[in-house]
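One is the number of the first residue; the rest follow in order along the sequence.
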Amino acid sequence: MERIIYTNGAIYTLDANQPLVEAVVVENGQVADMGTHQKMILHWGGSGAKIIDLEGKMATPGLIDSHLHLSGIAFQYLDLNLTGVASKEDMLERIKERADKTPPGKWLLGMGWDENLFIDGAIPTIQELDYVAPHCPIYLKRVCHHAFLVNSKALEVCHYHASAPIPTGGSIVLDERTGRPTGLVLESASRLITEHIPKLTYDELKTGLRQAMHHVSKCGITSVHTNDPLYLGGFDQTYQLYDELLNEEQQGLRCNLLIDHPFLPRLKERGMHAGYGNDKLQIGAIKIFADGALGRRTALLSQPYDDAPDQLGEAQHSQRELYEMIKAARAQEMPIAVHTIGDQAVENVLKILDQFPKVQYRDRIIHVSLLREDLMQRLADPSIVADIQPRFVVGDFPWVQDRLGKQRVPYLYAWQSLLSAGVLCAGGSDAPVEPADPLLGIHAAVTRRSPAQSHNGWNEKEKLSMLSALKLFTIGGAYATNEEHKKGTLSPGKLADMTVYSHDLLQMENPDGLLSVNIEMTIVNGKVVYRR
């Protein structure tokens with residue numbers, strides 16, 4: 001039995017019984033004891049114990065990202081990565097550079113573009129995409145994964161025509177003057193394209209996922225809640241990939257898998273349920289989309305958009321369809337995890353949840369970007385977790401103020417109000433929509449602005465303290481999967497997952513100091529899986 005003592009650190013346990021200790025003793029991947037350096041060494045230091053000196057560095061429970069897509073991060077390594085591109089011109093140049101190396105007829109896939117970053121303002125037109133890549137079909141996901149760009153070659157390969165049926169909840173955007181496609185595809189209409197894109201091989205997917213896991217480990221993350229079956233070839237292949245990487249290869253990460261609702265029958269066939277698995281790999285909640293995104297005005301609102309008074313957004317499913325999906329999940333005693341950006345989407349889901357008994361695991365309401373006071377009170381239920389993404393404030397302000405109007409901005413990303421109302425909140429990134437780095441998420445929660453800005457923050461009354469922000473990415477993440485008894489704090493008997501930092505986050509006078517912090521070590525099951 002290996003015994004490891006991590007000592008000489010400022011170890012914030014987040015355990016109220018011993019909030020700050022100098023040393024943590026690990027046995028069999030669990031915390032055996034913790035306290036002062038002298039006591040831990042005196043009591044546990046014999047019998048060949050391995051001692052690791054933290055050199056005075058800060059350590060916390062291992063960071064947890066409660067909502068991301070490891071498959072999406074994997075594709076950033078496999079496809080054209082347009083994240084952070086700041087102009088249409090630069091985007092087109094990068095597409096042309098990749099297209100010049102792409103054989104005729106082979107798909108050019110990419111992701112991460114965001115026209116809100118463009119200094120020249122506009123989304124590339126289909127004519128511009130045809131010019132830089134005339135010989136190969138293009139499919140480029142926007143950073144939000146709710147809008148996509150294609151060229152004429154892609155529409156040709158997909159046999160698109162003016163009377164082609166469009167999946168409910170989506171659209172092929174047409175030029176108002178010519179009636180022809182602009183190249184922009186919204187929401188579920190993307191299925192017209194994706195069904196014609198050749199699938200990556202199993203080994204390609206596995207290589208990408210392995211790189212994604214290494215990436216999040218470098219960010220100090222020890223556990224993720226990831227949603228992938230729709231992108232990794234279905235439930236069976238997704239589970240096999242994770243099982244091989246985590247349980248056979250022993251990659252240093254813990255994964256909770258959110259399962260898209262079409263795969264609910266397959267879960268039943270395989271005898272799987274929420275909590276099925278082990279401490280490395282576990283089945284989570286059933287993932288459902290209730291609405292879209294604010295950027296394309298597809299988030300479902302109770303009152304019209306200020307800059308489009310004739311629009312309320314779009315429900316991904318009718319209320320009857322949503323009811324049947326949740327009913328099917330409850331029939332298998334499964335919790336749900338529902339994408340809800342707009343306040344009406346949140347209300348629609350809560351109305352349905354009120355009609356069913358609770359299950360063993362908490363339901364998750366993901367994003368809750370825009371709320372009302374009455375909805376905050378309804379979310380203050382111990383069987384529900386609000387799964388929030390602090391970095392969204394960086395991507396959405398200031399343009400979102402025009403979308404929603406000044407009267408609704410106080411209820412946008414209202415994290416402090418949620419916590420004050422007693423809502424259980426977990427922190428995530430939605431990577432690759434936003435960077436996976438939790439320190440950037442904590443910075444956004446504390447400052448409510450981008451790292452490049454210096455103002456007092458958007459709607460600054462909703463700022464969180466550094467400790468509250470840190471708890472989102474530790475104990476909050478544990479609550480989301482009903483694992484607060486085994487992770488989220490450092491306590492005797494809990495899993496020995498820790499993150500070690502170059503600076504003490506809780507002693508910082510200026511939160512911009514977060515931008516200079518390095519992850520020194522990521523520790524999973526008591527063992528170092530990343531060291532700077």
Side-chain angles (χ1 to χ4, degrees), residues 79-83 85-99 102 105 107-197 291-299 305 307-314 316 341 395-396 399-400 402-403 433:
D79 298 337
L80 176 62
N81 188 357
L82 297 169
T83 304
V85 171
S87 72
K88 178 172 72 171
E89 181 181 1
D90 187 14
M91 179 173 168
L92 289 168
E93 286 180 3
R94 295 191 188 201
I95 296 169
K96 184 179 187 306
E97 182 180 339
R98 176 64 72 95
T102 303
W107 281 86
L108 192 165
L109 306 176
M111 61 189 303
W113 60 273
D114 182 357
E115 77 282 7
N116 291 305
L117 302 177
F118 291 175
I119 55 175
D120 45 3
I123 296 172
T125 66
I126 196 167
Q127 291 84 4
E128 290 169 326
L129 294 172
D130 290 345
Y131 180 77
V132 295
H135 63 287
C136 58
I138 286 177
Y139 179 69
L140 308 172
K141 300 175 186 175
R142 192 182 182 277
V143 64
C144 64
H145 288 217
H146 291 269
F148 315 86
L149 280 172
V150 297
N151 63 352
S152 295
K153 195 70 174 177
L155 294 176
E156 175 189 323
V157 169
C158 298
H159 312 297
Y160 170 80
H161 52 84
S163 57
I166 307 298
T168 303
S171 62
I172 303 289
V173 179
L174 304 178
D175 186 287
E176 292 181 359
R177 183 176 58 84
T178 66
R180 295 183 176 182
T182 64
L184 189 62
V185 178
L186 301 181
E187 303 293 353
S188 57
S190 62
R191 294 204 295 267
L192 293 174
I193 313 298
T194 55
E195 65 183 19
H196 293 276
I197 298 175
D291 67 347
L294 290 167
R296 308 308 310 172
R297 300 186 190 88
T298 52
Y305 283 87
D307 58 356
D310 60 333
Q311 296 183 36
L312 286 167
E314 298 175 11
Q316 289 287 300
I341 295 279
D396 288 4
W399 60 261
V400 73
D402 295 329
R403 288 280 189 282
V433 174

Next item on the list: Taking all heavy atoms of Asn151 and all of Cys136, pick out the closest pair and write down the distance.
Entry: ND2-O, 2.9 Å

Check: What do the steps show when you test Arg297 against Asp307 for salt bridge (charged side-chain N to carboxylate O under 4.0 Å, His left out), and what is the final call?
Finding: CA-CA 10 Å; Arg297 300 186 190 88; Asp307 58 356; 3.1 Å; yes

Next item on the list: Would you please test Glu115 and Arg296 for salt bridge (charged side-chain N to carboxylate O under 4.0 Å, His left out) and show each step?
Entry: CA-CA 11 Å; Glu115 77 282 7; Arg296 308 308 310 172; 3.3 Å; yes

Margin query: Minimum heavy-atom separation for Asp120 and Ser87, please, with both atom names.
Written below: OD1-CA, 3.4 Å

Next item on the list: Determine whether Tyr305 and Leu294 make a side-chain contact, defined as any pair of heavy atoms from C-beta on separated by less than 4.5 Å.
Entry: yes

Item checked: From NE2 (His196) to CG (Leu155), nearest 0.5 Å -> 10.5 Å

Notebook entry, point to check: Looking only at atom types and distance, does a side-chain atom of Ser188 sit under 3.5 Å from a main-chain N or O of Thr168, one as donor and one as acceptor?
Noted result: yes

Next item on the list: Specify the closest pair of heavy atoms between Leu186 and Ala147, including all atoms of both residues, with the distance to one decimal.
Entry: CD2-CB, 3.8 Å

Next item on the list: Specify the closest pair of heavy atoms between Pro134 and Val132, including all atoms of both residues, with the distance to one decimal.
Entry: CD-C, 3.7 Å

Notebook entry, point to check: Pro181 versus Leu174: any side-chain heavy-atom pair under 4.5 Å?
Noted result: yes

Next item on the list: Mind running side-chain contact (heavy atoms from CB on, under 4.5 Å) on Ile126 and Leu184 for me, showing each step along the way?
Entry: CA-CA 8 Å; Ile126 196 167; Leu184 189 62; over 6 Å; no

Next item on the list: May I ask you to say whether Glu156 pairs ionically with Lys153, meaning some side-chain N is under 4.0 Å from a carboxylate O?
Entry: yes

Check: Would the number of heavy atoms belonging to other residues, nucleotides or ligands and lying under 6.0 Å from CD of Glu89 be above 12?
Finding: no

Check: Considering only heavy atoms from C-beta outward, does the side chain of Leu140 approach that of Val150 to under 4.5 Å?
Finding: no

Checklist line | The single option from Leu80, Asp90, Thr102, Leu149 passing side-chain contact (heavy atoms from CB on, under 4.5 Å) against Ile95 | finding: Leu80

Check: Judged by atom type as modelled, is there a donor-acceptor pair below 3.5 Å linking the side chain of Thr298 to the main-chain atoms of Ala293?
Finding: yes

Check: Considering only heavy atoms from C-beta outward, does the side chain of Phe148 approach that of Ile193 to under 4.5 Å?
Finding: no

Notebook entry, point to check: Which atom pair, heavy atoms only, marks the closest approach of His145 to Lys141?
Noted result: CE1-CD, 3.9 Å

Margin query: Can you confirm whether Gln311 is buried at CD, in the sense that more than 12 heavy atoms of other residues, nucleotides or ligands lie under 6.0 Å from that atom?
Written below: yes

Check: Between Tyr139 and Trp107, how do the two ring planes meet: parallel, tilted or perpendicular, split at 30° and 60°?
Finding: perpendicular

Next item on the list: Would you indicate whether the side-chain heavy atoms of Leu92 and Tyr131 approach each other to under 4.5 Å?
Entry: no

Check: Does some side-chain heavy atom of Arg142 sit less than 4.5 Å from a side-chain heavy atom of Asp114?
Finding: yes

Notebook entry, point to check: Could you state the interatomic distance from CZ (Arg180) to CD1 (Ile172), rounded to the nearest 0.5 Å?
Noted result: 15.5 Å

Notebook entry, point to check: Which atoms form the tightest heavy-atom contact between Met91 and Pro124, and what is the distance?
Noted result: SD-CG, 3.9 Å

Notebook entry, point to check: For the side chain of Asp291 and the backbone of Gly313, is there at least one donor-acceptor N/O pair under 3.5 Å apart?
Noted result: no

Item checked: Between NE2 on residue His146 and CD on residue Gln316, distance to nearest 0.5 Å -> 7.5 Å

Notebook entry, point to check: Around atom CD of Glu176, are there more than 12 heavy atoms of other residues, nucleotides or ligands at under 6.0 Å?
Noted result: no

Margin query: A side-chain contact here means heavy atoms from C-beta on lying under 4.5 Å apart; do Leu192 and Cys158 qualify?
Written below: no

